[in-house]
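Only one structure is covered here, and it is reproduced in the block below.
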Amino acid sequence: MNGHELVSTSSRPSKSPAAETSHFVLTFENNRFASELFGQFDQNLKLIEQRLNIDARPRGNSVAISGDVLATNQARKALDYLYGRLQAGAAIDVSDVEGAIRMAVAADDQLQLPTMERKAKLNLAQISTRKKTIAARTPTQDAYIRALERSELVFGVGPAGTGKTYLAVAHAAQLLERGTVDRIVLSRPAVEAGERLGFLPGDMKEKVDPYLRPLYDALYDMMPGDKVERAITAGVIEIAPLAFMRGRTLSNAAVILDEAQNTTSMQMKMFLTRLGENGRMIITGDPTQVDLPRGVTSGLVEALRILKEVEGVSVVRFKDQDVVRHPMVARIVRAYEADGAVPVDGESGSR
C-alpha cells in the first residue's frame with residue numbers, strides 16, 4: 001500500500017444480517033505526513049468519520065478504522081490517496097479531503113470508473129504546472145480533465161462552483177508551460193455593457209478586466225504573478241473581448257470562452273470557427289443563467305444541440321453534486337433548480 005501498511009484486519013457480521021462491519025489499523029511510515037494527513041486537531045479524520053459514518057481513532061502515526069465494510073474501505077482508499085499526495089510534495093486541505101471521499105465513494109458506485117487501478121487505489125486526473133498541482137475532486141471533474149487532454153474542443157457546462165472555468169484556465173496554463181501551445185486567449189461576452197466598451201475608461205485590458213477577473217484568478221493560482229504580467233505584456237496571454245474576435249484565426253493557442261451561455265447564435269458560430277491549426281478550444285457556461293434579452297437564443301444551448309455528434313467535440317456536464325465550494329452552495333443550487341428559478345451568481349474562478 002502507498003505509504004502505509006495494514007497492521008491488522010478483521011471482518012465480522014453485525015447485528016443486522018444486511019450489513020457487515022470491519023476493523024483494521026493503518027500505520028503511516030512518516031510521522032510528519034501522518035500528522036498532516038490527520039489534520040489539525042484530527043479535523044480530516046473527523047470529516048471522514050462524518051461523511052462515511054465510520055469510527056477513525058488516531059494514535060501516533062496510526063489510525064484504527066471501524067464500521068461498515070464498504071465505508072471503511074472507502075476511508076482506506078481516501079487516506080491512501082491523500083498520503084500519496086503528501087509524499088509527492090503536495091499540501092492537502094479540507095477540500096482535498098472532501099474530494100478524496102467523493103472519489104472513493106464514486107469508485108464503488110461505478111465499478112468501471114476510469115480512476116480505479118488494479119489494487120483499488122484512487123488515481124485521479126491532475127493538472128500540473130511548476131507552481132501548483134490540482135487533482136479532480138469529483139468524478140465529473142475527473143472526466144473533464146481527461147477530456148481536456150484528449151479533445152481539441154471541449155464544452156464544460158453546469159452550475160457555478162463546479163470548477164469548470166478554473167480547470168479550463170489551469171489546463172491552458174499547463175499547455176503553455178509544456179510548450180504545447182504558444183499562447184493563451186481568454187474571452188468572455190460582456191453582456192452587461194452590450195459589448196460596447198468604448199465608453200469605459202482605460203485601454204482594452206482595463207475595459208474588460210471586470211468581466212475576466214475569474215479567469216485571472218485561476219491564472220495567478222497556476223503561474224507566478226510576475227510571469228502572468230510579463231506574458232500579458234508580451235501578448236502570450238491575450239485578453240480578447242468576444243466582440244473583437246471576428247476575422248481572426250487562432251493557431252497554436254489555447255482559447256477559452258467563459259460564460260458562453262451569454263453568446264448569441266451568431267457570436268458562438270463566429271467564435272467556434274476561429275479555431276486554427278494546433279489550437280485547443282474550451283467553452284464553459286451554465287445554460288440556466290442566460291442574461292440575454294428575452295427571446296434571444298443562447299449560442300451555447302444551440303451549439304450543444306448542433307455539435308453533439310461531431311467528431312472531436314467533448315461535452316462534459318456538471319451537476320449540483322459536483323459543486324466544490326462550501327457545501328451550502330450545492331444546497332442553494334438544488335433549491336433554485338427545484339423552484340425553477342435562475343440563480344443570481346455566475347461561475348467564479350474558485351473551485
Side-chain angles (χ1 to χ4, degrees), residues 125-134 144-156 163-190 197 203-209 211-260 263 267-285 303 307 310-316 347 349:
Q126 297 183 342
I127 297 174
S128 297
T129 63
R130 291 188 182 93
K131 182 178 180 181
K132 189 173 185 178
T133 295
I134 54 178
Y144 187 49
I145 294 174
R146 295 174 191 275
L148 292 172
E149 285 285 352
R150 69 173 184 266
S151 300
E152 294 177 320
L153 174 58
V154 178
F155 287 87
K164 56 187 186 292
T165 298
Y166 184 92
L167 292 173
V169 177
H171 179 69
Q174 176 182 258
L175 292 177
L176 182 65
E177 195 171 87
R178 286 179 181 174
T180 304
V181 299
D182 297 333
R183 55 185 172 145
I184 297 173
V185 180
L186 306 176
S187 187
R188 196 177 190 186
L197 304 173
D203 58 21
M204 183 188 299
K205 177 179 178 296
E206 292 170 331
K207 291 176 192 292
V208 300
D209 265 359
Y211 303 103
L212 295 165
R213 180 49 50 189
L215 307 182
Y216 279 120
D217 291 344
L219 273 176
Y220 282 104
D221 255 12
M222 299 304 296
M223 301 171 62
D226 58 336
K227 287 190 176 181
V228 173
E229 294 297 335
R230 288 199 300 269
I232 291 174
T233 301
V236 174
I237 297 176
E238 181 182 354
I239 312 304
L242 181 59
F244 293 12
M245 297 285 284
R246 192 175 301 278
R248 303 184 61 188
T249 300
L250 302 172
S251 303
N252 301 306
V255 190
I256 298 173
L257 175 61
D258 189 33
E259 296 291 345
T263 61
Q267 287 174 330
M268 177 60 77
K269 182 179 178 182
M270 177 272 291
F271 182 81
L272 289 169
T273 54
R274 300 309 94 200
L275 185 62
E277 185 178 355
N278 192 40
R280 298 292 186 90
M281 188 170 280
I282 310 167
I283 297 173
T284 66
L307 302 179
V310 174
E311 182 181 354
V313 177
S314 292
V315 178
V316 179
E347 173 77 293

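The basis for the numbers below is simple: all heavy atoms, side chains too, and nothing from hydrogens, waters or symmetry mates. Start at 1 with the first residue, then count along the sequence. The structure presented is a predicted model; accordingly, all values stated were derived computationally and were not measured.
- To the nearest 0.5 angstrom, N278 atom CG is 7.5 Å from D182 atom CG.
- Annotation: the span from T165 atom OG1 to L257 atom CG amounts to 10.0 Å, rounded to 0.5 Å.
- Judged by distance alone, the side chains of E149 and Q174 do bring a donor and an acceptor atom under 3.5 Å apart.
- Considering every non-hydrogen atom in both K164 and G156, the closest pair reads CD-O, 3.4 Å.
- Every residue meeting the salt bridge (Lys or Arg N to Asp or Glu O under 4.0 Å) condition with R183, not counting sequence neighbours, appears here in chain and number order: E238.
- In this structure, S151 contributes its side chain and L148 its backbone to no donor-acceptor pair below 3.5 Å.
- Residues M222 and K132 have side chains in contact (heavy-atom distance under 4.5 Å, counting atoms from C-beta outward).
- One distance of note links CG of L215 with OH of Y166; it measures 12.5 Å at 0.5 Å rounding.
- Looking only at distances, a side-chain donor or acceptor of E177 sits under 3.5 Å from a matching main-chain atom of R130.
- Contact of the D258 side chain with the L186 side chain is not registered, since no non-hydrogen atoms from C-beta on lie closer than 4.5 Å.
- Enclosure of atom NZ in K131 by more than 12 non-hydrogen atoms of other residues, nucleotides or ligands within 6.0 angstrom is indicated.
- Between L167 and Y144 there is a side-chain heavy-atom pair separated by less than 4.5 Å.
- The side-chain contact (heavy atoms from CB on, under 4.5 Å) test applied to L272 returns L153, F155, M268, M281, I283, A303, L307, not counting sequence neighbours.
- Between A172 and I256, the shortest heavy-atom distance links the atoms CB-CD1, 3.9 Å.
- Put simply, the residue from D221, I232, V169 that forms a side chain to side chain contact (heavy atoms under 4.5 Å, CB included) with Y216 is I232.
- Rounded to the nearest 0.5 angstrom, I127 CD1 and T133 OG1 are separated by 10.0 Å.
- R248 has its side chain within reach of L250: a pair of non-hydrogen atoms, C-beta onward, lies under 4.5 Å apart.
- Listed for the Y220 side chain is no donor-acceptor partner under 3.5 Å among the backbone atoms of V228.
- The CD atom of Q267 lies 9.0 Å from the OG atom of S187; values are rounded to the nearest 0.5 Å.
- Atom NE2 of H171 sits about 12.0 Å away from atom OG of S128, to the nearest 0.5 Å.
- Considering all non-hydrogen atoms of both residues, L176 and M223 come closest at CD2-CE, 4.3 Å.
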